[in-house]
Engineer: 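This structure is in structure tokens; I'll ask about it shortly.
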Amino acid sequence: HTGGREVPEKESEQLIKDLKEWLALLNAITALPVHGGKSITSQITEEYRGEVEGMVVFEAESIDEAVAKAKKSPGLKYGWTHDVLKEKPL
């Protein structure tokens, strides 16, 4: 997810509970917080400047199913943005 506003302290405990329930609904393979890092090309290595704050990997039968599950995220009410991506077979 990216973006969003600060979660009010009085709502953070409920948000954590709701996020755990949402991750269970997704049957998530993994959920990772992301905090900075490096961007690397063949020419340079520099500090990551993106806005990605977390990543959840889960399976769905279709992109439409994945989008429907993402729309149930409790973080959306705090302005979070989710990108739903398809895996490209190797």
Side-chain angles (χ1 to χ4, degrees):
H1 73 83
T2 60
R5 60 181 170 82
E6 189 73 25
V7 177
E9 188 175 325
K10 65 183 181 180
E11 297 176 31
S12 63
E13 189 174 316
Q14 184 63 47
L15 175 61
I16 290 170
K17 180 183 174 199
D18 293 345
L19 283 170
K20 287 179 180 179
E21 290 175 7
W22 179 60
L23 291 171
L25 169 78
L26 295 178
N27 195 24
I29 296 166
T30 190
L32 305 167
V34 179
H35 300 287
K38 303 284 183 185
S39 293
I40 301 165
T41 70
S42 62
Q43 306 297 316
I44 61 167
T45 299
E46 61 186 8
E47 292 299 314
Y48 175 72
R49 294 189 182 131
E51 293 184 30
V52 174
E53 297 174 16
M55 178 176 59
V56 176
V57 177
F58 65 96
E59 292 184 6
E61 292 294 321
S62 67
I63 192 75
D64 293 332
E65 179 187 351
V67 167
K69 288 182 176 184
K71 284 183 175 182
K72 294 180 181 183
S73 166
L76 295 176
K77 69 182 177 181
Y78 297 102
W80 294 4
T81 298
H82 296 306
D83 296 314
V84 178
L85 307 172
K86 292 170 58 175
E87 176 186 18
K88 183 176 179 180
L90 297 176

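A quick note: this is a predicted structure, and the numbers were derived from the prediction, not measured.
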Engineer: Would a single hydrophobic cluster contain both L25 and F58, if residues Ile, Leu, Val, Met, Phe, Trp and Tyr are joined by side-chain heavy-atom contacts under 4.5 Å?
Structural biologist: yes
Engineer: Contact between S73 and Y78 at the side-chain level, heavy atoms closer than 4.5 Å - yes or no?
Structural biologist: no
Engineer: What's the spacing between D18 CG and L23 CG if we round to 0.5 Å?
Structural biologist: 11.0 Å
Engineer: With rounding to the nearest 0.5 Å, note down the distance linking NZ in K77 to CG in L15.
Structural biologist: 7.0 Å
Engineer: Taking transitive links into account, so neighbours of neighbours count too, which hydrophobic residues share a cluster with V84 at under 4.5 Å side-chain distance?
Structural biologist: I63, V67
Engineer: Measuring from Q14:CD to L19:CG, what's the distance to the nearest 0.5 Å?
Structural biologist: 10.0 Å
Engineer: Which residue pairs pass the salt bridge (Lys or Arg N to Asp or Glu O under 4.0 Å) test with at least one member in residues 25-44, sequence neighbours excluded?
Structural biologist: K38-E47
Engineer: Is E13 atom CD crowded by more than 12 heavy atoms from other residues, nucleotides or ligands, each under 6.0 Å away?
Structural biologist: no
Engineer: Output every pair passing side chain to side chain donor-acceptor pair (under 3.5 Å) with a member in residues 54-66, not counting sequence neighbours, ordered by first then second residue.
Structural biologist: E65-K69
